[in-house]
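Read through the structure below, which is laid out as structure tokens, and then see the notes.
Source: prediction; values computed, not measured.
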Amino acid sequence: MLVLVAPGQGAQTPGFLTPWLDLPGVTDRLREWSDAIDLDLVHYGTNADADEIRDTAVAQPLLVASALVSAGQLFPTADDFSRLVGAAAGHSVGELAAAALTGVLSERTAMELVRKRGLAMAEAAAVTETGMSALLGGDPENVLPHLEKLGLTPANVNGAGQIVAAGTAEQLAALAEDKPEGTRKVVALKVAGAFHTHHMAPAVSVLEAAVAEVEAAQPRTRYVSNKDGQVVGDGGEVVRRLVGQVANPVRWDLCMETFKELGVTALIEVAPGGTLVGLAKRALPGVKTLALKSPDDLGAARELIAEHAADAAPAE
């Protein structure tokens with residue numbers, strides 16, 4: 001069974017969309033979305049520097065656009081996706097891409113929502129200097145109490161020995177000086193706020209208003225939620241979870257447990273891939289993985305789909 005996943009904020013790098021523009025129709029698609037959300041995705045995905053694309057209001061639409069464009073090269077139609085993919089999920093903002101790919105939202109609606117999400121979260125992040133740091137290694141039994149002691153939130157419980165802490169700059173500085181027992185390394189992430197924590201509460205109310213008029217369809221492919229790793233079969237519930245997830249921890253560890261329970265045999269991470277494949281390699285031994293980093297990876301991805309998509313099942 002094939003699982004498709006979309007990465008979250010921090011996966012972007014300067015110029016990462018450049019090679020995708022050489023493919024037929026990609027530039028036109030990006031320009032159409034750019035006009036719809038008043039953000040030049042082509043410019044930011046090709047010419048902007050690291051600081052510009054670190055801006056939450058820019059990074060989030062870029063990542064969802066990249067996920068949709070790269071997935072579209074593998075699955076040209078919605079029927080192709082639902083026939084070949086057994087389950088889909090996204091990490092943090094990647095959930096909006098997953099919602100579009102599984103048919104809950106139209107691509108344009110997903111782009112409009114991610115633009116509003118990025119702006120609202122950037123505004124919330126500007127209130128206090130906050131950020132996120134990944135802790136590599138260490139037992140959760142040691143890590144979680146240590147974070148609580150420092151006033152930090154375990155914003156992403158990613159599994160495979162990785163927990164991401166979020167909080168104020170002072171709290172993160174204290175963590176860098178005082179790592180939990182058994183933690184190998186603390187790495188500051190390329191994000192501009194303490195996402196998935198109480199610091200993002202103002203953004204939740206903005207998104208609640210934004211989704212009031214959204215029509216959500218039932219997912220055509222299993223949609224696995226960051227909230228608890230569960231398969232969600234109701235489109236309205238998917239949208240409600242997308243809103244609430246902004247201020248609540250991402251449980252990617254539970255998503256991977258669900259992939260395992262569903263019988264995953266292969267996992268593809270859409271562009272800009274790499275982070276989630278790294279976690280899967282450690283947490284899902286025996287599962288074949290592929291990260292879409294550029295169009296050069298499409299051939300190998302198509303081969304993987306041909307080998308592992310036969311058992312794709314409808315949404316539950």
Side-chain angles (χ1 to χ4, degrees), residues 7-12 50-51 54-57 59-60 63 89-95 117-118 120-207 225-229 241-257 275-276 278-279 282-283:
Q9 203 163 332
Q12 73 276 10
D51 285 337
R54 183 173 176 267
D55 180 351
T56 302
Q60 293 193 10
L63 287 164
H91 190 286
S92 187
V93 72
E95 284 204 294
R117 182 186 195 269
M121 291 176 73
E123 185 174 345
V127 174
T128 306
E129 187 181 359
T130 58
M132 304 175 80
S133 294
L135 291 86
L136 307 180
D139 190 317
E141 292 185 2
N142 294 327
V143 172
L144 297 178
H146 191 85
L147 296 182
E148 183 178 4
K149 181 184 73 173
L150 296 177
L152 289 159
T153 299
N156 303 164
V157 183
N158 286 332
Q162 185 186 112
I163 292 175
V164 175
T168 66
E170 292 80 6
Q171 291 167 337
L172 292 170
L175 174 65
E177 293 294 322
D178 180 20
K179 299 191 297 289
E181 180 183 349
T183 297
R184 299 192 312 276
K185 196 173 183 182
V186 175
V187 180
L189 300 186
K190 295 179 289 184
V191 298
F195 307 138
H196 304 290
T197 72
H198 64 89
H199 293 284
M200 292 295 110
V204 173
S205 58
V206 173
L207 283 177
S225 169
N226 282 182
K227 180 177 180 178
D228 49 17
R241 285 171 174 241
L242 287 172
V243 172
Q245 204 58 37
V246 168
N248 285 286
V250 170
R251 293 303 305 269
W252 193 251
D253 58 333
L254 299 180
C255 290
M256 290 195 293
E257 284 297 321
T275 303
L276 301 181
L279 294 171
R282 295 190 292 276

Where do [X] and [Y] come nearest, in terms of heavy atoms and distance?
| X | Y | result |
| --- | --- | --- |
| Ala194 | Gly167 | CB-N, 3.7 Å |
| Asp139 | Glu141 | OD1-N, 2.8 Å |
| Met121 | Phe195 | CE-CD2, 3.4 Å |
| Leu63 | Ala11 | CD2-CB, 4.2 Å |

Evaluate the side-chain proximity of [Y] to [X]: yes if any heavy-atom separation is below 4.5 Å, no if none is.
| X | Y | answer |
| --- | --- | --- |
| Glu95 | Ser225 | yes |
| Leu207 | Arg117 | yes |
| Leu189 | Gln9 | no |
| Leu135 | Lys179 | no |
| Ile163 | Leu144 | yes |
| Leu175 | Pro180 | yes |

Say whether, by atom type as modelled, one donor and one acceptor occur between the side chain of [X] and the main chain of [Y] under 3.5 angstrom.
| X | Y | value |
| --- | --- | --- |
| Asn156 | Asn158 | no |
| Thr197 | His199 | yes |
| Gln171 | Gly151 | yes |
| His196 | Ala247 | no |
| Asn226 | Ser92 | yes |
| Glu148 | Leu152 | no |

(message) Distance alone, cut at 3.5 Å: any donor-acceptor contact between the side chains of His198 and Thr153?
(response) no
(request) Quick one: pull up CD in Gln245 and CG in Asp228 and give me the separation to the nearest 0.5 Å. (result) 8.5 Å
